[in-house]
> 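Sharing a structure below in C-alpha cells format, with a few things to ask.
Throughout, a chain's letter reflects where its sequence line sits, starting with A, and its residues are numbered from 1. Reckoned from all heavy atoms, side chains included, excluding hydrogens, waters and symmetry mates.
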Amino acid sequence: MSTRQTIRLTVNGKSYEREVEARLTLADFLRHELHLGGTHVGCEHGICGACTILIDGRSARACLTLAVQADGADIITVEGLRNRETGQLHPIQQAFVDAHGLQCGFCTPGFIMTTLELLGENPDPSDEEIKEALGGNLCRCTGYQSILDSVRLAARRLQSASAA
Amino acid sequence: MAFDIPTRSDQLPTDAPRFIGKAVNRIEDPALVSGTVEFIDNLSLPGMLHCAILRSPHPHARITGIDASTALALPGVEAVLTGDDVARWCDPCFTAPEGWGNTCLAVGKVRFVGEPVVAVAASSRYIAEDALELIQVCYELLAPVANPDAAMAPGAPLVFENRGTNVIQSRTYTWGEVDRIFADADRIVSRQFRWNRVGANPTETFGCICQWDLADNSLTCRGAYQTPRFMAIGRAASLRLPANKVRIISHAQGGGFGGKGGPRGTDIAALLSRKSGGRPVKYIEDRMEYLLAGGGQSWDRYYDAALAVKADGTVTGFKVRLVDDQGAGAEGYGTISAAKPLAAFTGNYRIEAAFYDLTLVATNRAPTYPYRGYGPPPHNLVLESLMDVAARELALDPAELRRRNYIRPDEFPYTVPSGNEYDSGNYAAVLDRVLELADYRALRETQAQARAEGRLVGIGVVSTVEPGVFDWNAYATVGVPGVGVPEGVKVAVDVFGNVTVAVGFNLQGQGQFTVAAQVVADYLGVDMNSVKVTTASTDVALPHFGQGGSRLGVAVTGAILGACDKLRQTFCRVVAHVMHAEPGQIELFNGRLQMKHAPEHGMSIAEVAGLMLSRSDLLPPGVEPCPEASFVWVSPNRNQPDDQGRCRSYLTAANATHVVQVEIDRCTGQVKILGYYIVDDCGTRLNPANVEGQLQGGVAQGVGAGLYEEYVYDPQCQPLVSTFVDYLVPTIHEVPMTVKDHLVTPSPVAPLGAKGCGEGAIHTTPAALLCAINDALAPLGLECRETPASPQRLWKLLHEQA
Ligand code: FES
Ligand code: FES
C-alpha cells in the first residue's frame with residue numbers, strides 16, 4: 001500500500017523535493033504537504049473543476065492527478081498569481097473582484113486558473129469561447145453571469161495592458 | 001434608552017450615503033480570489049487525526065454484529081466508534097416535531113443507504129479509509145419503506161418502531177370559507193404534481209475539526225457552520241454536555257444554501273476525539289457521502305391541488321394536499337419546509353380562502369434537510385401551474401389572468417388568508433416592466449411563427465412573493481415554538497477611529513460582511529477600509545442565528561443600526577460633557593459629533609473614542625470608558641400563531657415576475673432556454689451587485705431543479721445518484737444569462753427599507769420553466785407535471801403520445 005517515491009517539481013516558481021506515497025493525490029500534496037490551500041476540492045471525481053491548476057502550462061484536475069505523476073512538472077496554483085511582494089492581485093483576480101464574479105469563492109481559484117489558460121491562448125475570446133473554456137467548472141452560487149463578465153473584463157484589461 | 005432603527009436611508013446621520021445602495025466591491029473578495037481564506041479543510045491542528053466513516057449499503061436492516069478489531073490493529077488507527085459507544089454517550093438529535101431523530105451512528109438498525117455505521121480516527125485520511133475496509137458488519141435485511149404510499153399502507157414496516165407509525169405529522173389548515181367558495185366557483189381546475197428530490201450541493205461539502213477536552217469535559221468544534229449557536233445547542237443536547245461547554249467556531253463556507261448538514265459529522269468527530277484521548281479529529285465529508293446522505297436533499301413531494309375560479313378569471317380559492325416524503329426521520333427539519341408556504345400560500349393574489357392538507361411521512365430514503373427557499377419552490381410551481389391551466393381554460397393570456405388577481409398597491413399592508421402580512425409592493429408595475437423588457441408581444445409572435453413551423457416553443461410568465469426575514473412563529477404548528485429570531489452584533493471604535501464589527505456568523509457567499517461594513521461606514525461616517533468585520537465564536541457571541549430564511553442582510557443591518565444608535569447616544573453624552581452642553585444639543589452627522597446649531601464645534605468619531613479610552617477624567621458620570629455597543633435585533637411586531645398557523649411571520653414580502661421562452665427539442669426532449677427576463681422588487685438594494693448575484697444564482701439553482709437535478713432512488717430505496725456525473729448541477733451552458741431590471745418599493749417596516757432577497761429566484765424559476773414547457777406542449781394536448789422536466793422525461797411524454 002505505502003510505496004513511497006521521491007518527486008522533484010516546481011510550484012509557483014519554487015522547487016521542491018519530497019518523498020510521497022504513490023497513492024497521494026496532487027491536490028492533497030499541494031494542500032496538505034505544501035500548505036497551498038487555494039486549490040480547493042469540491043468533488044474528487046473530476047467534475048467540479050475547483051481543483052484546477054496549471055501543469056506545464058495546461059489546465060489539469062489536481063484531484064485526478066497523483067503527486068508522483070507531477071514529478072518534474074512546473075505547476076502554477078492560484079497562490080502563484082498575486083504579486084509576492086506587494087500583494088497586488090493579478091489582473092484576472094482583480095477582474096473577478098471588480099465584476100463581482102464570486103460569492104462563496106470556493107469555485108473561484110478553479111475558474112481563475114482556467115481563465116489564465118484561456119487568455120494565454122486566446123487573448124480576445126468571444127462569449128461562446130469563454131463558455132466553452134469554463135464549461136468544466138461548476139459554480140453553485142453565481143449563476144455564471146458575473147463570471148462571464150469577469151472574464152470579459154480581464155481579457156479587456158490584459159489586452160489594453162499589452163497594447164500599452 | 002429607546003433606539004432608532006431607520007427604515008429609510010435618508011434618515012441616516014449623513015447628507016448622502018457613500019456606500020449603501022452602491023455596488024461597492026466586497027471586502028471578502030481579495031482573500032477569496034487569492035486562495036488564502038481558511039476554509040475548514042485548510043486548517044490543521046497539532047496532533048490532529050482524520051476521520052473516515054463506514055456507511056450502510058442497505059436502506060433498512062438490523063445490525064447483528066460489528067467486528068472492528070482488525071481495523072483497530074492497523075498502524076495509525078487511534079480509535080473506532082460504533083453504535084455501542086453512541087448508545088452509551090449520545091441522544092438522538094432534536095427534531096420538529098419531537099422524537100423523529102437519529103443518533104449520529106446507527107444504533108441497532110440502519111434506516112437509509114449512507115447512514116453512518118462505524119467511524120475511524122487515524123493519522124491520515126488514507127489510513128482511516130484503509131481501516132474501513134477491514135471492518136465487518138453483519139446485517140439482517142428488513143423490507144424497505146420505499147415511498148409514502150408504502151409507508152402509509154396498513155402493516156407497513158416501521159422506520160421508527162417506537163413511533164408505531166410512519167406518519168410524522170398529518171394535519172389540515174382551513175383559512176376562510178373554502179367549501180362555500182369552491183361550491184360557488186364557475187370552474188375548478190385541479191391537477192396532481194410530483195416534485196422529485198433535489199438538493200443544495202454547495203461546492204464545499206461539510207467539514208469540521210472537533211476537540212473534546214477531557215479535563216474540562218468541554219468541546220470545541222471548528223467548521224463549516226451556517227448557524228453556529230443553533231448548532232452548539234443541538235450538540236450540547238445530543239452529546240449530553242452543558243451548552244456553555246460547547247464552543248463552535250464557524251469558518252468561511254464554500255456555499256451553504258441551507259444544505260450543509262453538520263450535526264452528524266460533528267457528533268462523530270467529537271466522539272472520536274473523546275475516544276482518542278482528546279486529540280483533535282478532522283472530518284471532511286466527500287462528495288459521494290454528501291450525495292448519498294449529506295445534509296442537502298430536499299422536497300420529495302406529491303401534490304394534489306385545485307383552484308376555484310370565476311368566469312371572469314377571478315381566482316377565489318386554493319386547495320393543496322401535500323404528501324411529503326421526509327426520508328428516514330425529521331433530523332434535518334424538512335418538516336419546517338412544508339410549513340413555510342403558509343407565509344405566502346396564495347402568492348401575489350387576492351385569493352379569499354385556502355386549505356392545506358399536510359402529511360409528512362418517514363421512509364427509508366435519506367433524511368431531508370433545508371434547501372434555499374425552504375418549501376415555496378414546489379408550492380409556487382403548483383400554484384403558478386394551476387394559474388396557467390386556468391388561463392388556458394378561460395382563453396386568457398397568462399399575464400392578464402395574473403394581473404386581474406394581483407393584490408393592489410393600495411391594499412398593503414395585506415394579510416393573506418394563511419395569516420402573514422405583506423408589507424408593500426406593486427405587482428402590476430413589476431409585470432408591466434417585465435413584459436416591456438421581454439417585448440412580450442414579440443415573444444408571442446415568434447412563438448406563433450415557430451408553432452406554424454411545427455416547433456415546440458413556449459412562454460412562461462410567473463409571479464411570486466418572496467417571504468423575507470423568517471421568524472420562528474411561522475413554524476410553531478410543526479413543532480418549533482417561539483417568536484423572534486435574534487441577530488446580535490457588537491460595534492467597537494478603537495483609539496484611532498477604526499471600527500470593528502463582531503458578528504455571530506461567518507462568510508457563506510452572500511456578501512453580508514460587505515453589507516455590514518457599508519452600513520456601519522455610512523452611519524459613523526468612516527471609510528469602508530477602516531471597518532473590519534469579524535466572527536465571534538459561540539462562547540462570546542451575542543445571541544444570533546446567521547444565514548437562513550432570506551433574513552441576514554436585513555437582520556444584520558438592523559443590528560448594526562441599533563448598535564450605532566447606542567454608540568451615538570453615548571458619544572453625544574461624552575461630547576456634551578466636554579463641551580459643557582446638553583446631550584440634546586449634540587448630533588452625529590457625517591462622522592462628527594457636533595453642536596446642532598454650531599456645527600463647526602465638534603469632534604470626530606476617532607477623537608471621541610480616543611478621549612473615552614484615554615481621558616477618564618473627562619468622562620461624564622455613569623459613562624464607561626468603552627466606545628463599543630452591542631445590539632440584538634429581532635423583527636418588530638411579530639406575534640404568536642393561532643390554531644390555524646396564522647401570524648405575522650416573515651417581515652418582508654419582496655416580489656418578482658419572470659418571463660422565459662423555451663424550445664423543446666422533439667428528438668431529444670431537451671429544453672433550450674431562448675430568453676429569460678426578470679423584474680424584481682426587493683425594496684432598497686443595499687448592495688445592488690449582491691442582489692443581482694442572489695437573483696442569478698437562484699435562477700441557476702432553479703434551472704437545475706426545474707430541468708436536470710434529481711436524487712433518483714430505485715424501487716428498493718437504493719440511491720442511483722452518487723457523483724456529479726449522475727446528479728446534474730447546471731454548468732455555464734445550461735444557465736441563461738438573464739436580462740434584469742427592478743423596481744424599488746421600500747419596506748416601510750424593515751431597516752433601511754430592504755427586503756429579504758436571497759431566495760426569490762429559486763422560488764420562481766422552476767415554476768416559470770414548467771409553465772413555459774407546458775405552454776410549448778399545449779398544442780399537442782400534453783402536460784408535464786413532474787420535475788425535473790428532464791430530457792428523458794419530456795422525450796417519454798412526447799414519445800408515448802406518438
Ligand atoms: S475536486 Fe477536482 S474536479 Fe472537483
Ligand atoms: S462562488 Fe460559490 S461556488 Fe462559485
> Measure B/Q694 against the heavy atoms of chain A and call it side chain, backbone, both or neither at under 4.5 Å.
both
> Which answer fits B/S124, side chain, backbone, both or neither, if we ask what part of it has an atom under 4.5 Å from a heavy atom of chain A?
neither
> With a 4.5 angstrom heavy-atom cut-off, which part of B/V699 approaches chain A: side chain, backbone, both or neither?
neither
> Non-hydrogen atoms of chain A under 4.5 Å away: do they reach the side chain of B/Y126, the backbone, both or neither?
both
> Are B/D130 and A/R23 within salt-bridge range, i.e. N to O under 4.0 Å?
yes
> Between B/R287 (side chain) and A/G42 (backbone), is there a donor-acceptor pair under 3.5 Å?
yes
> Non-hydrogen atoms of chain A under 4.5 Å away: do they reach the side chain of B/V735, the backbone, both or neither?
side chain
> What part of B/A31 is in contact with chain A, defined as an atom under 4.5 angstrom from a non-hydrogen atom: side chain, backbone, both or neither?
neither
> Checking an interface table here. Which of residues 134-144 of chain A come within a heavy-atom distance under 4.5 Å of chain B?
A/L134, A/G135, A/L138, A/R140, A/C141, A/T142, A/G143, A/Y144
> Quick one: what part of B/Q253 sits under 4.5 Å from any heavy atom of chain A, side chain, backbone, both or neither?
backbone
> In terms of heavy-atom proximity below 4.5 Å to chain A, should B/V24 be classed as side chain, backbone, both, or neither?
backbone
> Does any non-hydrogen side-chain atom of B/S34 lie less than 4.5 Å from one of A/L89?
yes
> Between B/T731, B/I732, B/D29, which shows the greatest number of heavy-atom pairs under 4.5 Å with chain A?
B/I732
> Which atoms of B/T723 are under 4.5 Å from chain A, going by heavy atoms: the side chain, the backbone, both sets, or neither?
both
> Among the options B/V37, B/L43, B/L291, B/D41, pick out the one with the most heavy-atom pairs lying under 4.5 Å from chain A.
B/D41
> With chain B as the partner chain, list the residues of residues 49-79 of chain A whose heavy atoms fall under 4.5 Å from it, by residue number, and write 'none' if nothing qualifies.
A/V78, A/E79
> Of the backbone (N, CA, C, O) and the side chain (C-beta and beyond), which part of B/Y290 lies under 4.5 Å from a heavy atom of chain A, both, or neither?
neither
